[in-house]
Number of protein chains: 4
Amino acid sequence: MAERLTVSIIGVTGYTGLELLRMLLAHPKVDIAYLTSRQHEDTAIGDLYPHLAHLNLRVTDTDHKDVAKDSDVVFLALPHKTAQDVVAEMHGHCKVIDLSADYRLDDLETYEKYYHVPHNHPGLLGQVVYGLPEINREDIRKAVTVANPGCFALLSQLMLLPFAGAIDHADIMAVTGSSGSGKSPSEGTHHPVRSHNFKSYNINAHRHIPEIIRTAQISEAQLNFVPSSGPFVRGIFATAFVRTKDGAHVRCAGDVYDGHPYVRVMEDVALANVVGSNFCDLSFRKISEGNYIVQGVIDNLVKGAAGCAVQNMNLMCGFEETEGLAHLGTVYP
Amino acid sequence: MAERLTVSIIGVTGYTGLELLRMLLAHPKVDIAYLTSRQHEDTAIGDLYPHLAHLNLRVTDTDHKDVAKDSDVVFLALPHKTAQDVVAEMHGHCKVIDLSADYRLDDLETYEKYYHVPHNHPGLLGQVVYGLPEINREDIRKAVTVANPGCFALLSQLMLLPFAGAIDHADIMAVTGSSGSGKSPSEGTHHPVRSHNFKSYNINAHRHIPEIIRTAQISEAQLNFVPSSGPFVRGIFATAFVRTKDGAHVRCAGDVYDGHPYVRVMEDVALANVVGSNFCDLSFRKISEGNYIVQGVIDNLVKGAAGCAVQNMNLMCGFEETEGLAHLGTVYP
Amino acid sequence: MAERLTVSIIGVTGYTGLELLRMLLAHPKVDIAYLTSRQHEDTAIGDLYPHLAHLNLRVTDTDHKDVAKDSDVVFLALPHKTAQDVVAEMHGHCKVIDLSADYRLDDLETYEKYYHVPHNHPGLLGQVVYGLPEINREDIRKAVTVANPGCFALLSQLMLLPFAGAIDHADIMAVTGSSGSGKSPSEGTHHPVRSHNFKSYNINAHRHIPEIIRTAQISEAQLNFVPSSGPFVRGIFATAFVRTKDGAHVRCAGDVYDGHPYVRVMEDVALANVVGSNFCDLSFRKISEGNYIVQGVIDNLVKGAAGCAVQNMNLMCGFEETEGLAHLGTVYP
Amino acid sequence: MAERLTVSIIGVTGYTGLELLRMLLAHPKVDIAYLTSRQHEDTAIGDLYPHLAHLNLRVTDTDHKDVAKDSDVVFLALPHKTAQDVVAEMHGHCKVIDLSADYRLDDLETYEKYYHVPHNHPGLLGQVVYGLPEINREDIRKAVTVANPGCFALLSQLMLLPFAGAIDHADIMAVTGSSGSGKSPSEGTHHPVRSHNFKSYNINAHRHIPEIIRTAQISEAQLNFVPSSGPFVRGIFATAFVRTKDGAHVRCAGDVYDGHPYVRVMEDVALANVVGSNFCDLSFRKISEGNYIVQGVIDNLVKGAAGCAVQNMNLMCGFEETEGLAHLGTVYP
């Protein structure tokens, strides 16, 4: 176990990269080595992001091999497809936490079906550990490379986990804030529109579905998944209507999540309770035999991305799982 | 059929009353007689609402009998319970459109169960017509007194109507903006909180449930209804997961709503498409045999309240159903 | 004076064009002839804008000459520079209301300095009437072609008008909502950023400055103008600190605006009072001799663009100035 | 100098108290002793604030003497007037940082004029150090009791400081988010209104004025101060138009703020750059001789309240001034 770690972020300029940076700067046991971006050849970070003007850090386009050589842990905040080769190049040279979708699925066919691109390193799919601590904690501790879950996928899995194997059908309506669409302006994130709008997209076709059904032990046909976008910036609020099979055993959520520091099982959830923090709050309501309403909230950029990645780093490197993750958001309920 | 109508609003100072006033001012065939409020004894409306400073109108506490005597149509924008006696007093003396909940249900027991108050005029329950034009148009034309639907109820009914009689179970997640809570400040509508929050309330216990199940021809046990509040001001966005009974006949939504001027059946709905207007947009997706996803949007204060009330007035008084209702919102998608 | 008018919008697909359409649809005495856009070759408007799906209107790329021939009034909602030739082509063939900046300034040099493009029709600059009814009402009544004011410019002029000729120096801080940036997504209107941001831009270099100083009868050096963008969609809120010359005569604002239907002089202004309406609300505070604080609010898309254009149309065509402009916004204070 | 400190918050349940708690929990060298509130007699903090459900902390109504006895530093987050006696009671028994207004002014008459209440401990006014580190750093290091500045006042002082003694007149327009109004719902913070509104209040009568003029070395008559409320939650954005006296010496802002860790002098400021952080960003523009435009931004709850208080604690207790204050906000520009 290290006393301190040297860490780097590849692809620091997107929202996930910036959020990772925010969180790593608050971590008492890490030092930043490289912050890289292909678009910037050695630029003071304050020139790109004035809110970071006080930091003596530079964004560079350093070669990935040099990054790997000089870092204990490298975070990849790259688009899917791009990350395929970078992970393959780094795997085994340093600890890698990949926040893209490229190694989340262990099945080549499913990957290619949902992401519409071939995978250059199918042999590596089975070697990367799926980085959902609440399910894979022990494997993550031993992992060399970890694939961080998708944000909708992480929340939905934690909502359905107590029902795994017992589900007849589940219908999920999940709404995310605009930060989920990343930092590139688009019609869907144009302020005059998004400020008053609410709509769904990719119904039953969202890429996070295979992660969800794997954990819930259901088929695609047993899940309706309605991703939606709402007029706010951060967070996901999800509601699941779960029907269980006759006589199936549903585990007590309180038991399932006992000892997991970032899942709070509560009577009611509210988005503002988790924005800015690494918590996933969940509520479970039994309406009648076999009929449940489950709700959950996370900050999509924290527990749904950078916070979970830091939690994984802590596990992989022998730190306390909660090290550097105590911060609360600036949004109060 | 009148050429012009003289209309009054009892309880003008709440959001529903103000929205009625906004719409009636834009109606080419009505003149305002009285705008009443118990709290204001003859006050220029601009002194209460500076955005109306240009209007030569006064808010008074005129006796209801005088209002009835001098008005062709009276709109009641009062809290439930309060409206019970006022409707009884006015019924038959002028046309009445009651926007409260007091006469929406024809069954005394259901009313008292959901509203936790006795009803002083149970005999009148059966005489008031439920003012949902898409279901009751002909009865509304002949009605003396109409009960305007609840906002969640109106939208949910229109979403489930094509499935009426064929539903095994339906699960609805519906989110409303903060204007739905009225004009009195409260914790749930405190700007620092509401701006970032999303939560549900009154799950399976909302007062609009009996209106919904009556139209959908289901029992309480066949419906999960999750009312939620989101970080926006106007509108309701609802998603229904509908499972139909084996072999049950589902009507084609396009047919059901053909000729209804304020229902638009679309491939996809978006909240911003209807904010400020009287439209209800609906989408119907058949996922597999017996498995449907239905989504709908309305402006809670227009189609969900004042707009539907004006539509009812038009029907009751022999105007074109769409008279004075063409305005679009100032929110563009 | 016409009983009814046939009107067209050239460039209907931007926010100004759509707002014009919204307002003209609510005008009782106009019929729409053409809605044109260079990008769309005969498309149902509902295919472009689902919120207009109920309208039986098409967007076409009809030749401007045909538009002029078949229209009593043509509204141009084109970018500056593009409008130069279109106005020149149409001038005299029908009444034209140009919402671009191309003919707002009567001085070629000033135009070219602020807009950084040459003007193809300098001879026409003096023939187009500046369309600010509160200053030019009688000229507008007789005008063939009118140039609609800029939004910041309109509000600032109305704030400074009572001080015209008496100003020593004026400092204006004016903040606009995101709709002022138009419908093209950009970094400044990216929802995750804009929702929490507030900043200024083009300080003392904004293109609306020459319109303001012409009316206020001051030089550039006597004005500080700080345009700012705030985290809201619609409206402009402006504060002016006005110092008058020793002994200069300041007119009473109440007198200046008496009889102007869309200016309300109030003790206090609030943005929500005017959003969605054609009103400009103004407050004037004399702090001490020669020291004034003036505040004003408009909806940038209504009084600051489409509403003022309709007001101009009414004047040019002999209608009541207020015809079709009574609608109030859906935002309540 | 202590290795660690034991700290308490009196009045933890308001927004300032909660923000202090958030920041102190992130401080590596403090332990929480008491969190008190008169309204709660020994309640788990998670029962009051579900977002804090994971914390093993209680809110109590512990006697102030016991709090003082067991704490190295006590933060007072009480309303003004209430804090008068509590400060007097605690002064000298432990270090006290008072976030109320009661000891900000050293002049009894000015206090009573602006706050409309008598002061019970006028003799103490001169003994409490004004806690603005950028002005009083050395006095704060030696202070027993510190009065934390008002949020508008802090920002305005830092904007005007380089001009101190040289100002002919200054006009400030400063807009704050809704969190500035505290946690009690009111008309001005009702979500349906505040979401779209922008208005000013207490023009030239705000209680923060005497703090500003003292530092800027001007009289009330030389300042116009226009406090405003905008449609956002956190932060203050201020614009000052500063006219200096003929020939007066204005200091270089870069020099003035050199070595001050939480003031960044930048070409342009933007609110989102500081939300959630302890930074005050400032820009200074010389327009012409004697004519300056200055803009500044802070988070009203951090640098404008709790962050500055922690900065003061660090100074008073011999910690690094920046200890525990490195966190950045979750809002990215």
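Chain letters run A, B, ... following the sequence lines, proteins first, then strands; residues in each count from 1.
For residues 289-305 of chain B, a heavy-atom distance under 4.5 Å to chain A picks out B:Asn291, B:Ile293, B:Gln295, given by residue number. Residues of residues 161-174 of chain B lying under 4.5 angstrom from chain A, judged on non-hydrogen atoms, are B:His169, B:Asp171, B:Ile172, B:Met173 by number. Within residues 208-229 of chain B, the residues having any heavy atom closer than 4.5 Å to a heavy atom of chain A are B:Asn224, B:Val226, listed by residue number.
Scanning all heavy atoms of the two residues, the minimum distance from A:Asn197 to B:Ala272 falls at OD1-N, 2.8 Å. Of all non-hydrogen atoms in A:Val269 and B:Lys199, the two that sit nearest each other are O-CB, 3.7 Å.
Of the atoms belonging to A:Arg234, not a single heavy atom falls under 4.5 Å from chain B. Heavy atoms closer than 4.5 Å to chain A are found in both the backbone and the side chain of B:Phe198. For chain A, no part of B:Arg194 is nearby; none of its heavy atoms comes within less than 4.5 Å. A:Ser283 does not touch chain B: none of its heavy atoms, backbone or side chain, sits under 4.5 Å away.
The OG atom of A:Ser288 sits 9.0 Å away from atom CG of B:Asn204, with the distance rounded to the nearest 0.5 Å. Summarising the geometry, atom CZ belonging to B:Arg285 is positioned 3.5 Å from atom CD1 belonging to A:Ile203; distances are rounded to the nearest 0.5 Å. Once rounded to the nearest 0.5 Å, the distance linking OG1 of B:Thr239 with CZ of A:Phe241 reads 9.0 Å.
Heavy-atom pairs under 4.5 Å with chain B peak, among A:Pro192, A:Ser200, A:Gly235, A:Gly230, at A:Ser200.
Dense packing is recorded around CD of B:Glu112, with more than 12 heavy atoms of other residues, nucleotides or ligands lying under 6.0 Å away.
A:Ser195 is linked by a side chain to side chain contact (heavy atoms under 4.5 Å, CB included) to A:His191, C:His191, C:Val233, counting only residues two or more places apart in sequence or in another chain.
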